[in-house]
Novice: 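Below you will find the structure I want to go over with you.
All chains are named by letter (A, B, ...) in the order of the sequence lines, taking the proteins before the strands, and each is independently numbered beginning at 1.
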Number of protein chains: 2
Amino acid sequence: MKKGLSLERVVEAAVEVADAEGLESVSMSRVAKQLDVSAMALYRHVATKDELVALMVDTALGAPPPPAGGGWRESLVYLAEAMRARLLEHPWTALAPVTGPPSSPNQLTWLDRVLHALRDTGLDEAEQLFCALLLSTQVQSGVALAVTVNRNPAAAALAAGYSDFLDRATADGRLPEVRRLVRAGVFAGAEMDMSMETEFRFGLERILDGIGALVRVR
Amino acid sequence: MKKGLSLERVVEAAVEVADAEGLESVSMSRVAKQLDVSAMALYRHVATKDELVALMVDTALGAPPPPAGGGWRESLVYLAEAMRARLLEHPWTALAPVTGPPSSPNQLTWLDRVLHALRDTGLDEAEQLFCALLLSTQVQSGVALAVTVNRNPAAAALAAGYSDFLDRATADGRLPEVRRLVRAGVFAGAEMDMSMETEFRFGLERILDGIGALVRVR
DNA sequence: GCCATCAGTTTACGGCATACGCGAAGCAGT
DNA sequence: ACTGCTTCGCGTATGCCGTAAACTGATGGC
């Protein structure tokens, strides 16, 4: 005999399914089967599937790690990398159509940590918020890119022969700058994973430099 | 008698539907009805729905505008704002689950323009590419945020009372930094549209400052 | 003992992407 | 001109989806 459903158990089961079979396999009936109940049973605890997905993302994100001293910049790097790592543990979070202003509990907690790091920079409150959002989208889009390349078979195939693909696409000379990069070997060799990682770091450093410039002015 | 289908006509019809009724209304049968044919007729010109969506996004993006002189920074601002404007004309592009490395023709053309602007900065090729991707995701995520807030009814309702919502969510004192911003009135009043716009500009300026710092080093 | 409330099931509906198959139209070889 | 074969253009049919609605059986307060 099952010990009775609960919101927690439902979300947990959905996360299990997503981790094991991908977000596209998360249907109400699939999650229900995981719990050995009928599909409609889930609607006792969740109003709609979208709500379930939002909850899934929030629990996958989890609470931020305990703060680890340092200046604002070190703190932000720490948080950004921690968040990236969390999301990469549950790659499907990147595919979930969840946008909009931060509202779920864990999302807000992460935001709070970021704002704490920015507290003594001299930036005004609106600027602090914008910086936080900027960092958050950098993390999320970085994860999304890494994930689509690794999961989606079409994208993966494309990524594998990306250099060749671009070589062919630019053969007619109408995209001289792209061709320039191809000839420079920017897309050649090297594991895609690593490339995604360095791209993320690069973007992060640029953003932090930009914030740093503003901090210096204030 | 219809003049016969073609890939062009199919994509065009799909874009019409998306513009008029949103991306979620774009189903094969809906597009087919628009063209007064049966659903399966579309599959003569398109292998799968995802392919159709990708083509839709590409045509909605369109070709970049003619270049308008100036230094690298002015050029990048120009391109970023032009792209944002294009995407906002077809808000559904932001909701399309299209990620992965740039591969569609127009996407590559925009990339080419951005790389052209970065040509004489002294950055190496990989750095130029990373900068281009960074800018591109900034534009896309900015549009995505603006769009979800304006389209999605739940998100819109939340955005309307966002300040109140956060006030309640932080009442227990566990999110002191977020509460700080709420009390500072960061989320109060002001049209959301405008806020989205200034957030986009802010992020763009930060990124460009960050790139500028790197350029100065090189 | 009665009845409201809960927790979960069964059934059903409309919409979706798309596998499959069928007739018609081109086209080759004779 | 006739035959066989391929390719096109499209309708029908299938199986899955989210979820509305009506049901059943258990639980617990009065």
Side-chain angles (χ1 to χ4, degrees), chain A residues 1-58 92 95-99 148 151-155, chain B residues 1-58 92 95-99 148 151-155:
Chain A
M1 184 54 185
K2 307 298 144 211
K3 41 182 303 200
L5 250 43
S6 71
L7 179 57
E8 206 176 54
R9 277 188 16 104
V10 169
V11 175
E12 186 184 335
V15 169
E16 276 172 30
V17 172
D19 282 341
E21 309 173 20
L23 187 62
E24 73 282 0
S25 297
V26 175
S27 69
M28 296 309 260
S29 38
R30 180 66 189 79
V31 173
K33 179 160 42 167
Q34 192 81 358
L35 292 163
D36 206 44
V37 293
S38 211
M40 293 307 290
L42 307 184
Y43 285 95
R44 288 270 162 207
H45 305 94
V46 160
T48 176
K49 188 193 173 178
D50 288 351
E51 187 181 309
L52 173 59
V53 173
L55 291 169
M56 288 171 63
V57 172
D58 197 58
W92 46 266
L95 286 331
V98 172
T99 34
T148 27
R151 273 284 170 126
N152 186 305
Chain B
M1 185 54 182
K2 307 296 144 210
K3 41 181 302 201
L5 252 42
S6 70
L7 178 57
E8 205 177 56
R9 276 187 20 103
V10 169
V11 175
E12 186 185 334
V15 169
E16 275 172 30
V17 172
D19 282 340
E21 308 173 22
L23 187 62
E24 74 282 0
S25 298
V26 175
S27 69
M28 296 309 260
S29 38
R30 180 66 190 80
V31 173
K33 179 160 44 167
Q34 191 81 0
L35 292 164
D36 206 45
V37 293
S38 209
M40 290 310 288
L42 307 184
Y43 283 94
R44 282 286 149 196
H45 305 94
V46 162
T48 177
K49 187 192 174 178
D50 288 351
E51 187 181 309
L52 173 59
V53 173
L55 291 169
M56 288 171 63
V57 172
D58 196 59
W92 45 266
L95 287 328
V98 171
T99 34
T148 27
R151 274 287 172 125
N152 186 306

Novice: Using whole Å, report how far CG of A:Leu35 lies from P of C:dA7.
Specialist: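 So the two atoms are 15 Å apart, to the nearest Å.
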Novice: Among all residues two or more places apart in sequence or in another chain, which pass the side chain to side chain contact (heavy atoms under 4.5 Å, CB included) test with A:Ala54?
Specialist: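 A:Ala54: no side chain to side chain contact (heavy atoms under 4.5 Å, CB included) contacts found.
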Novice: A:Arg44: what forms a salt bridge (charged side-chain N to carboxylate O under 4.0 Å, His left out) with it, not counting sequence neighbours?
Specialist: none
Novice: May I ask you to test the A:Leu55-A:Val10 pair for a side-chain heavy-atom distance under 4.5 Å?
Specialist: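 The answer is no; the side chains never approach within 4.5 Å.
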Novice: For B:Val26 versus B:Ala14, what's the shortest heavy-atom pair and its separation?
Specialist: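 Reported closest heavy-atom pair: CG2-O, 4.0 Å.
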Novice: Sequence neighbours excluded, which residues qualify as side-chain hydrogen bond (donor to acceptor under 3.5 Å, both in side chains) partners of B:Ser29?
Specialist: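 For B:Ser29, the residues satisfying side-chain hydrogen bond (donor to acceptor under 3.5 Å, both in side chains) (neighbours in sequence not counted) are B:Ser27.
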Novice: Hey, does the side chain of B:Ser38 come within less than 4.0 Å of D:dC10's phosphate (OP1/OP2), counting only N and O?
Specialist: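 Negative; the distance criterion is not met.
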Novice: Does the side chain of B:Leu35 come within less than 4.5 Å of B:Leu42's, by heavy atoms?
Specialist: yes
Novice: Which heavy atom of B:Trp92 sits nearest a heavy atom of B:Met56, and at what distance?
Specialist: CH2-O, 3.7 Å
Novice: Pairs counted only when both distances fall under 3.5 Å, Watson-Crick or G-U: show me the 5' to 3' dot-bracket for DNA chain C, [ ] for pseudoknotted crossings and | for other-strand partners.
Specialist: ||||||||||||||||||||||||||||||
Novice: Only counting residues at least two apart or in another chain, list the ones meeting side-chain hydrogen bond (donor to acceptor under 3.5 Å, both in side chains) with B:Glu16.
Specialist: B:Gln34
Novice: Just the atom pairs and distances: protein N or O near nucleotides 17-21 of chain D's N or O, under 3.5 Å.
Specialist:
from	atom 1	to	atom 2	distance (Å)
D:dC17	OP1	A:Ser27	OG	3.3
D:dC17	OP2	A:Ser29	OG	3.4
D:dG18	OP1	A:Lys49	NZ	2.8
D:dG18	OP2	A:Met28	N	2.9
D:dT19	OP1	A:Thr48	OG1	2.8
D:dT19	OP2	A:Tyr43	OH	2.6
D:dT19	OP2	A:Lys49	N	2.9
D:dT19	O5'	A:Tyr43	OH	3.3

Novice: Taking CG from B:Leu42 and P from C:dA19, how many angstroms apart are they, rounded to a whole number?
Specialist: 14 Å
Novice: Taking atom C1' of D:dT7 as reference, at what distance in whole Å does atom CZ of B:Arg44 sit?
Specialist: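 After rounding, the reported distance stands at 8 Å.
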